[in-house]
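Predicted model, so just to flag it, every value in this text is computed and none were measured. In what follows, residues are counted from 1 in the order of the sequence shown.
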Amino acid sequence: LYLERIPLTEASIPVPETKEIKDTLASLRLDSVISSGFRIGRSLAAQYVTTGKAAIDGLPCEKPDKPVPEGAYISVRGLGKIQLQKVNGKTRKDRISVVIHRYV
């Protein structure tokens with residue numbers, strides 16, 4: 001194994017692999033977004049939040065009802081990281097259509 005010097009123009013940043021999840025939510029609460037992004041129940045998602053295992057954009061959050069803004073990164077210790085990529089608006093049944101990227 002050896003190191004080799006390469007020009008800066010040849011250096012590249014790897015693109016993280018994500019899985020796209022399209023879903024509808026009743027609200028943009030933190031526990032609801034975590035529940036959808038990691039495919040777990042909302043009460044379990046709320047437990048992760050209240051025990052201090054969740055963060056929005058790197059800032060710890062212990063309130064399950066905190067609204068999540070579009071584009072926010074959510075990390076949950078033990079589960080991984082997701083991003084609320086896009087909020088598409090309301091569906092006919094008055095739910096919120098979202099696109100979430102889950103990092104794998």
Side-chain angles (χ1 to χ4, degrees):
L1 188 72
Y2 64 96
L3 296 177
E4 183 183 331
R5 187 179 293 259
I6 61 167
L8 193 58
T9 55
E10 290 181 26
S12 64
I13 298 171
V15 178
E17 194 178 327
T18 60
K19 177 183 174 188
E20 187 173 89
I21 299 165
K22 293 180 181 179
D23 202 358
T24 60
L25 308 174
S27 68
L28 292 175
R29 292 168 49 118
L30 179 58
D31 58 353
S32 185
V33 175
I34 289 173
S35 171
S36 174
F38 293 109
R39 299 291 189 221
I40 59 175
R42 203 171 107 203
S43 59
L44 180 58
Q47 277 183 342
Y48 276 105
V49 177
T50 54
T51 55
K53 293 184 178 179
I56 300 176
D57 291 328
L59 300 172
C61 181
E62 294 183 9
K63 294 182 178 177
D65 61 344
K66 182 166 176 63
V68 178
E70 185 177 64
Y73 290 91
I74 300 165
S75 56
V76 180
R77 201 173 319 130
L79 294 180
K81 186 176 178 181
I82 57 174
Q83 181 188 19
L84 181 57
Q85 187 72 31
K86 191 170 184 195
V87 178
N88 292 323
K90 298 270 186 178
T91 64
R92 278 182 273 150
K93 292 186 176 181
D94 206 33
R95 289 176 63 83
I96 303 164
S97 173
V98 296
V99 177
I100 297 171
H101 284 183
R102 180 175 177 184
Y103 292 85
V104 284

Taking the side chain as C-beta and beyond, is there a heavy-atom pair between Ile82 and Val33 under 4.5 Å? yes
Listed partners of Glu17 passing side-chain contact (heavy atoms from CB on, under 4.5 Å), at least two apart: Val104
More than 12 heavy atoms of other groups within 6.0 Å of Lys90 NZ: yes
Might you point out which heavy atoms bring Phe38 and Lys81 nearest each other, and give the distance in Å? CZ-N, 3.9 Å
Report the C-alpha distance between Val68 and Ile34 in whole Å, list the side-chain angles of each, state the deciding distance to 0.1 Å, and finish with yes or no for side-chain contact (heavy atoms from CB on, under 4.5 Å). CA-CA 10 Å; Val68 178; Ile34 289 173; over 6 Å; no
Partners of Thr24 by side chain to side chain donor-acceptor pair (under 3.5 Å), sequence neighbours excluded? Arg95
Atom pairs and distances, side-chain donor-acceptor, residues 42-55, under 3.5 Å, sequence neighbours left out:
from, atom 1, to, atom 2, distance (Å)
Arg42, NE, Asp31, OD2, 3.3
Thr50, OG1, Ala46, O, 3.1
Thr50, OG1, Gln47, O, 3.3
Thr51, OG1, Gln47, O, 2.8
Thr51, OG1, Tyr48, O, 3.2

Atom pair CD1 (Ile96) and OG (Ser36), whose distance is rounded to the nearest 0.5 Å: 11.5 Å
Is there a side-chain contact between Ile74 and Ile100, using heavy atoms and a 4.5 Å cut-off? no
Ignoring hydrogens and angles, tell me if any N or O in the side chain of Gln83 forms a donor-acceptor pair with the backbone of Tyr73 under 3.5 Å. no
Value for CG (Asp23) from OG (Ser32), rounded to nearest 0.5 Å, stands at 8.0 Å
Ser35 versus Ile40, closest heavy-atom pair with distance: OG-O, 2.6 Å
Taking atom SG of Cys61 and atom CG of Leu30, what is their separation to the nearest 0.5 Å? 5.0 Å
Is the side chain of Gln85 donor-acceptor paired with the backbone N or O of Val99 at a distance under 3.5 Å, no angle test? no
